[in-house]
Amino acid sequence: MTDVQKMLSEAFSRAIRESLGEEFAAVDPVIRASTDPAHGDWQANFAMSLAKRIGKPPRVVAETVLSALRLDGIAASTEIAGPGFVNIRLDDALLARLLSELSADPRCGVATADKHDVVAIDYSAPNVAKEMHVGHIRSTIIGDAITRILEFLGHTVLRRNHLGDWGTQFGMLIEHVRDLGWNPAEDHEISDLTSLYKQAKARFDAEPEFAERARNRVVALQAGDTETVAFWKQLIEESKKHFGRIYQQLGVKLTDDDYFGESYYNDMLAPVAEELMASGVAVKSEGALCVFPPGFKGRDGEPVPLIVKKTDGGYGYDATDLAALRHRIKDLDSTRLVYVVGAPQKQHFDMIFAASRLAGWLTDGIVAEHVPFGSILGEDGKMFKTRSGDTISLNVLIDEALKRAYDIVAAKSPNLSEEDKQKVARAIGIGAIKYVDLCNDRIKDYVFSWERMLAFEGNTAPYLQNAYVRICGIFRKAAEAGVVWEGSAVQLSAPEERALVMEMLKFSDVLGQVSRSLEPHRLCTYIYGLASMFHSFYEKCPVMTAPSDQLKRSRLVLCQQVARVLQLGLSLLGIETVEQM
RNA sequence: GCGUUCGUAGCUCAGCUGGAUAGAGCGACGGACUUCGAAUCCGUAGGUCGGGGGUUCGACUCCCUCCGGACGCACCA
């Protein structure tokens, strides 16, 4: 698929070399999309930076290069403006041809990545015997979007759901369910995971006898005691059922095959500790085996360690993360490691990465990235909680989203069948939750507001879904009228049409940016811009009542392509589209 | 104390990794439906981009320094 920026870049590079000499062969022509249509479609901004080097005014430099520039069939015009910008207006015939190519391309012009990566992505990471709550939603949704995008670009993506399935809390949990009369051989339904955990915790704090049993139970679990392990496995299975339902409701791609919990790495911990000790990367300090990556200082000015092995001989999450990283590189041959974990853990991951470099695991060809994100805040600007101060469970959140979306649909489209209302409510409600989480720069906190996220105005899921619905409406009309338009010649008559085509040509580039920065909001901003441009087109350019049959068919081709990009873009964010709403 | 991060219109946020007069939505004001879904569109008002330095032809963007908020800094994850 033809890339306009690349075509322009090559043409300008050649012109620069021919007009200014071979020593300028490596100069970047600085081709950028124009922000203002008055400045053309694209602009070349090389002249200002070259002026000093050449010793001539930038406008003269630009003129010299233009004299050697050949853009036949690409640009309709070029002009020098301002201090030395070269404004380029693309040839309408080129745009028309490119639109035809896009509409014939199943990938909407999106190229697969030049360099193929094996990406191990760590996200969601709920805790066994704890209900999923708003603290997990961002990792789950952002991770899912990143996964979809990287896969679409042709990378191999290994989902690693780092389930919290190990640790001292299992002592009290197992002891508690045992007291409740559980039998490890039977199925149990944990209807309320939160209360189970709370009860166990309360007893642990209040009953010394229970606490003692819980501690012994931890030892039994670690020793592999058969009955204890059976209870433990049962807790995990029941929890997975709960998580699975949430994932299914959210339409997230995580499955039972993606769980690689903390316990998965248990057998690797001792060898990792030994390797680090043998290589001298880890040293004994205050009884614990530690790695001190350079550059991390604590409150007292002393170096901060990663604790590979605790004084009591146990292993904590530093050890688990080190082992997991090593495993993903050495055993899974990952070339890119992605951790979608909240911003407070930034230093932890920086230290893990630094230590892994010291250990020689994380080498130059391999990229490890922490993908941090901010918190969800309530309208009061504080952490998003219920009135009583509890965290909000995802079950409750999802139910409310579905209910609110249903009410909106029922009010606005009473003519839809009950089944369709449900379906649309699901798309809108879940879409709204996801989109609000993805549409802003993830590093920032955001304020949760049902009204804003479910609004049909502005940068929201419903607005985008509605743009798609409107296009579907046009195609229903076209079908009724029996118009045959597939493969029709494209004819661009209005600025709104040109704008849409040029925007759709940028889709591939945007996805490339997202795959590099792992910032899904860039895709959101793009889709929103496209939807917004479509609405402008929709007002200005009638399709079914276009001035000519040829133009009508051309606009149908254009609409179809917009619909495809919207649909594909939203699906890469994990958001559904519907044909009516 | 050290470190990380954020500060852009009254509110909620973009700003394409250094390019032209900083853009949207909400809210305010004013327009546009017998016509593809007005669930929308068009226009007006509103900003010393937290303050101050520096680098550069050119800075919201990079560097330094203050101010303000959030978060993190040894055996919990």
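All heavy atoms count here, side chains included; hydrogens, waters and symmetry mates do not. Order of the sequence lines sets the chain letters (A, B, ...), proteins ahead of strands, with each chain counted from 1.
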* Does Glu369(A) come within less than 4.0 Å of Arg516(A), counting only side-chain N to carboxylate O? -> no
* Distance in angstrom units between Leu377(A) CG and C13(B) C1', rounded -> 14 Å
* **N/O (side chain, Lys444(A)) to phosphate O (OP1/OP2, A14(B)) under 4.0 Å** => yes
* Kindly check if the number of other-residue, nucleotide or ligand heavy atoms within 6.0 Å of CD (Glu576(A)) is above 12? => no
* Residue among Lys346(A), Gln347(A), His348(A) satisfying side-chain hydrogen bond (donor to acceptor under 3.5 Å, both in side chains) with Asp350(A) -> Lys346(A)
* Nearest-Å distance, CD (Glu503(A)) to P (C16(B))? -> 14 Å
* **Among C36(B), U40(B), G19(B), the one nearest Met544(A) by side-chain distance** => C36(B)
* Syn or anti conformation of C33(B), syn meaning chi within 90° of 0 -> syn
* Taking the side chain as every heavy atom from C-beta outward, state whether Leu556(A) and Ser488(A) have any pair of such atoms under 4.5 Å apart. => no
* **Note, Cys559(A) side chain near Val543(A) side chain (heavy atom, < 4.5 Å)** => yes
* Nearest listed nucleotide, side chain of Asn466(A), among G19(B), U5(B), U40(B) -> U40(B)
* Asked: So what does Ala455(A) touch, heavy atoms closer than 4.0 Å: a base, only the sugar-phosphate, or nothing?
  -> nothing
* Asked: Under 4.0 angstrom, heavy atoms only, what part of the nucleic acid is Val469(A) near: base, sugar-phosphate, or nothing?
  -> base
* May I have the distance from Met48(A) (atom CE) to G19(B) (atom P), rounded to whole angstrom? => 10 Å
* May I have the distance from His521(A) (atom NE2) to U17(B) (atom P), rounded to whole angstrom? => 12 Å
* Asked: Across all strands shown, which nucleotide pairs with U17(B) by Watson-Crick or G-U wobble geometry, both distances under 3.5 Å?
  -> none
* Among U17(B), U5(B), G19(B), find the nucleotide with the atom closest to the side chain of Ile443(A). => U5(B)
* For nucleotides G68(B) and G27(B), find the distance between their C1' atoms and express it as a whole number of Å. => 27 Å
* To do: Would you mind building the protein contact string for nucleotides 70-77 of chain B? One character per nucleotide, 5' to 3', B for base within reach (heavy atoms under 4.0 Å), S for sugar-phosphate only, - for untouched.
  => -SSBBBSB
* Tyr315(A) vs Trp166(A) side-chain heavy atoms within contact, under 4.5 Å -> no
Atom pairs, protein N/O to nucleotides 22-33 of chain B N/O, distance under 3.5 Å:
residue: A24(B); atom: O2'; partner: Tyr528(A); partner atom: OH; Å: 3.0

* Asked: Which part of the nucleic acid, if any, lies within contact of Phe475(A), taking any heavy atom under 4.0 Å across all strands shown: a base, the sugar-phosphate backbone alone, or nothing?
  -> nothing
* Separation between the C1' atoms of C73(B) and C26(B), rounded to whole Å -> 40 Å
* Asked: Are OP1 or OP2 of C42(B) and a side-chain N or O of Ser536(A) less than 4.0 angstrom apart?
  -> yes
* Asked: Can you check whether Gly374(A)'s main-chain N or O pairs, donor with acceptor, with Asp445(A)'s side chain at less than 3.5 Å?
  -> no
* Should Val341(A) and His162(A) count as side-chain neighbours, where that means a heavy-atom distance under 4.5 Å? -> no
* Structure fact -> Which of Gln491(A), Gln550(A), Glu497(A) passes side-chain hydrogen bond (donor to acceptor under 3.5 Å, both in side chains) with Arg555(A)? It is Glu497(A)
* Round to the nearest Å and state the distance from Glu79(A) atom CD to A20(B) atom C1'. => 13 Å
* Full working for side chain to side chain donor-acceptor pair (under 3.5 Å) between Tyr446(A) and Asp437(A) -> CA-CA 8 Å; Tyr446(A) 75 87; Asp437(A) 211 297; 3.0 Å; yes
* **Pi stacking test for Phe296(A) and G3(B): under 5.5 Å apart, planes under 30°** => no
* Please measure how far the P atom in C36(B) lies from the corresponding atom in G19(B), and state the result in whole Å. => 43 Å
* Counting any heavy atom closer than 4.0 Å, what does Thr320(A) reach on the DNA or RNA strands: base, sugar-phosphate only, or nothing? -> nothing
* Asked: What is the base-pairing partner of A9(B), counting Watson-Crick and G-U wobble geometry with both distances under 3.5 Å?
  -> none
* Paired with U34(B): which nucleotide, if any, by Watson-Crick or G-U wobble criteria at under 3.5 Å for both distances? -> none
* If each of Val543(A) and Gly301(A) is mapped to the nucleotide of RNA chain B with the nearest heavy atom, which maps nearer the 5' terminus, i.e. the 5' end? -> Gly301(A)
* For C42(B) and G47(B), measure between their C1' atoms and round to the nearest Å. => 23 Å
* Pairwise C1' distance, G10(B) and U5(B) [rounded to whole Å] -> 26 Å
* How would you label the contact of His39(A) with the nucleic acid (heavy atoms, under 4.0 Å): base, sugar-phosphate, or nothing? -> base
* To do: Looking at every strand, decide which applies to Gln43(A) at a 4.0 Å heavy-atom threshold: base, sugar-phosphate, or nothing.
  => base
* To do: Could you give the distance separating G50(B) and A45(B) at their C1' atoms, to the nearest angstrom?
  => 24 Å
* Taking only residues at least two apart or on different chains, which pairs with a member in residues 28-65 of chain A satisfy ring-ring contact (aromatic ring centres under 6.0 Å, His included)? -> Phe12(A)-Phe46(A)
* Looking at every strand, decide which applies to Thr35(A) at a 4.0 Å heavy-atom threshold: base, sugar-phosphate, or nothing. => base
* Who pairs with C2(B) - Watson-Crick or G-U, where each distance is under 3.5 Å -> G72(B)
* **Distance test, side-chain N/O of Arg470(A) to OP1/OP2 of A38(B), below 4.0 Å** => yes
* **Given C41(B), U21(B), U4(B), the nucleotide with the shortest approach to the side chain of Tyr463(A)** => C41(B)
* Which one, C16(B), A20(B), C6(B), comes nearest to the side chain of Arg522(A)? -> C16(B)
* Just how far, in rounded Å, is P of A38(B) from NZ of Lys412(A)? -> 13 Å
* Rounded to whole angstroms, how far apart are CG on Asp28(A) and C1' on G18(B)? -> 12 Å
* Tell me what Cys541(A) touches on the nucleic acid: a base, only sugar-phosphate, or nothing, going by heavy atoms under 4.0 Å. => base
* Asked: Nearest to the side chain of Tyr538(A) - U40(B), U56(B), A38(B)?
  -> A38(B)
* Anti versus syn assignment for U17(B), with syn defined as within 90° of 0 -> syn
* Structure fact -> Ile54(A) atom CD1 is separated from C57(B) atom C1', nearest whole Å, by 14 Å
* Asked: Quick one: does Leu523(A)'s side chain get under 4.5 Å of Phe507(A)'s, heavy atoms only?
  -> yes
* To do: For U44(B), give its Watson-Crick or G-U wobble partner with both distances under 3.5 Å, or none.
  => A28(B)
* Structure fact -> The residue, Cys439(A) or Ser517(A), whose nearest nucleotide of RNA chain B is more 5′ is Cys439(A)
* **Heavy-atom side-chain contact between Tyr528(A) and Tyr435(A) under 4.5 Å** => yes
* In whole Å, what separates the C1' atom of U48(B) from that of U44(B)? -> 23 Å
* Cation over ring face, Arg470(A) and Tyr538(A), 6.0 Å, 45° -> yes
